[in-house]
Amino acid sequence: SQRSSVQYDEAMEILRSCVQALSDIGAQVFFGAVNLDRHRYSEWGHAEPIGAAFRRCLSNADSWFVENAPRETGIVVFDSIRESSKSDLVEKSFHDLRRGTDAIPDRGQLKHLCHDLYFGNRKYSTGLQAADICTYVIQRHLQEKASIKDAYEILKPCIFRGGVVP
């Protein structure tokens, strides 16, 4: 219908504006995604996709610090997860890679990330809301949705590193 089309067009314009705002402030985006079809039949097919994607994202974030801010440390904030088993999995994935505290010399693979992972509520966090926007655009791009092309082209220069596993 005419009304649905207008609402959709307006929504896409708002999305493009939000992505443009992220681009204008120089946001850096790193992501991890899982190709579920390939993952299922890979040697890691038994692993939870959320853990695989999160590990890739963490690795990409640490790489950004290595290349752009080697003396700095970042904090990882993850959207609250209702399912405690998935929340525990995300936390375990983080701590498997980032051991100890900042005072311990062997901090694991994620040397530029703070010693713990923090969960936040997107309702109160513009950072998590911005991450949701990026996630939506990247996911739709990976699904080859033509409707997202303009927003993705705006976001693309902000993507420091992304990766699809396997």
Side-chain angles (χ1 to χ4, degrees), residues 15 18-19 21-22 25-145 148 151-152 155-156 158-166:
L15 179 67
C18 291
V19 173
L22 292 171
I25 64 168
Q28 294 292 292
V29 177
F30 10 86
F31 71 90
V34 175
N35 180 316
L36 294 176
D37 292 331
R38 289 195 330 233
H39 177 71
R40 187 173 299 115
Y41 299 108
S42 75
E43 61 187 295
W44 302 283
H46 66 285
E48 282 285 337
I50 193 171
F54 186 55
R55 283 175 178 244
R56 175 59 57 96
C57 189
L58 290 171
S59 175
N60 292 338
D62 196 63
S63 294
W64 183 88
F65 279 96
V66 168
E67 294 179 31
N68 296 284
R71 295 185 177 178
E72 301 293 328
T73 303
I75 296 174
V76 177
V77 180
F78 200 86
D79 195 13
S80 295
I81 302 172
R82 293 177 200 239
E83 292 179 52
S84 63
S85 62
K86 289 195 182 206
S87 177
D88 292 345
L89 176 69
V90 165
E91 208 163 6
K92 181 174 179 355
S93 293
F94 180 81
H95 288 291
D96 284 349
L97 298 175
R98 175 59 170 89
R99 298 185 302 273
T101 66
D102 293 336
I104 295 175
D106 181 14
R107 294 163 52 169
Q109 296 175 37
L110 306 174
K111 295 175 181 22
H112 294 90
L113 300 179
C114 190
H115 65 277
D116 205 1
L117 164 70
Y118 299 91
F119 289 91
N121 186 330
R122 73 171 55 108
K123 183 176 176 181
Y124 304 110
S125 171
T126 54
L128 288 173
Q129 292 169 11
D132 282 347
I133 290 167
C134 294
T135 299
Y136 179 81
V137 171
I138 292 167
Q139 179 183 16
R140 294 292 200 190
H141 169 74
L142 293 173
Q143 293 170 340
E144 300 178 350
K145 304 285 185 185
I148 209 71
Y152 182 77
L155 184 64
K156 188 176 177 178
C158 298
I159 298 174
F160 167 73
R161 189 165 295 144
V164 179
V165 292

| query | Is the number of heavy atoms from other residues, nucleotides or ligands within 6.0 Å of CZ (R122) greater than 12? | reply | no
| query | Among L22, I148, L142, I159, whose side chain to side chain contact (heavy atoms under 4.5 Å, CB included) with V137 holds? | reply | I148
| request: Check whether any side-chain heavy atom of W64 sits under 4.5 Å from a side-chain heavy atom of R161, and report yes or no. | output: no
| remark: Closest non-hydrogen atoms of C18 and I133, given as atom of the first, atom of the second and distance, are CB-CD1, 3.7 Å
| field | Minimum heavy-atom distance between A52 and V165, given as atom pair plus value | value | CB-CG2, 4.0 Å
| message | Are H95 and D116 packed together at the side-chain level, in the sense that at least one heavy-atom pair is separated by less than 4.5 angstrom? | response | yes
| query | For E48 and H39, which heavy atoms make the closest approach, and how far apart are they? | reply | C-NE2, 4.5 Å
| query | Heavy-atom distance under 4.5 Å between the side chains of V76 and F54, does that happen here? | reply | yes
| query | Looking at CG of L155 and NE2 of H141, how far apart are the two atoms once the value is rounded to the nearest 0.5 Å? | reply | 10.0 Å
| request: Kindly compute the distance separating OG1 (T135) from CZ (F31), expressed to the nearest 0.5 Å. | output: 9.5 Å
| note | Taking every heavy atom of D79 against every heavy atom of G120, the minimum-distance pair comes out as OD1-O, 3.3 Å
| message | Would you say that D96 contacts R55 through its side chain, given a criterion of any heavy-atom pair below 4.5 Å between the two side chains? | response | yes
| field | Validation row: Y136, L15 side chains within 4.5 angstrom (heavy atoms) | value | yes
| Counting N and O atoms only, with roles assigned by atom type, does the side chain of S93 sit under 3.5 Å from a partner on the main chain of L89, one being a donor and the other an acceptor? | yes
| said: How close do P49 and L36 get, counting heavy atoms only, and between which atoms? | reply: CG-CD2, 3.6 Å
| message | Does Y124 have more than 12 heavy atoms from other residues, nucleotides or ligands lying within 6.0 Å of its OH? | response | no
| message | Contact between D88 and S85 at the side-chain level, heavy atoms closer than 4.5 Å - yes or no? | response | no
| Are any non-hydrogen side-chain atoms of K86 and V90 less than 4.5 angstrom apart? | no
| message | Using modelled atom types and a 3.5 Å cut-off, is there a donor and acceptor pairing between side-chain atoms of S59 and backbone atoms of R56? | response | no
| query | More than 12 non-hydrogen atoms from neighbouring residues, nucleotides or ligands closer than 6.0 Å to CD on E144, yes or no? | reply | no
| query | For C57 and F30, which heavy atoms make the closest approach, and how far apart are they? | reply | SG-O, 3.5 Å
| Which distance, rounded to the nearest 0.5 Å, do you find between the CG of L97 and the NZ of K111? | 11.0 Å
| said: Holding to side chain to side chain contact (heavy atoms under 4.5 Å, CB included), I want the full list of residues that pass it with D62, two or more places apart in sequence or in another chain. | reply: V66, L110, H112, L113
| Can you find a pair of side-chain heavy atoms, one from I81 and one from F119, that are under 4.5 Å apart? | yes
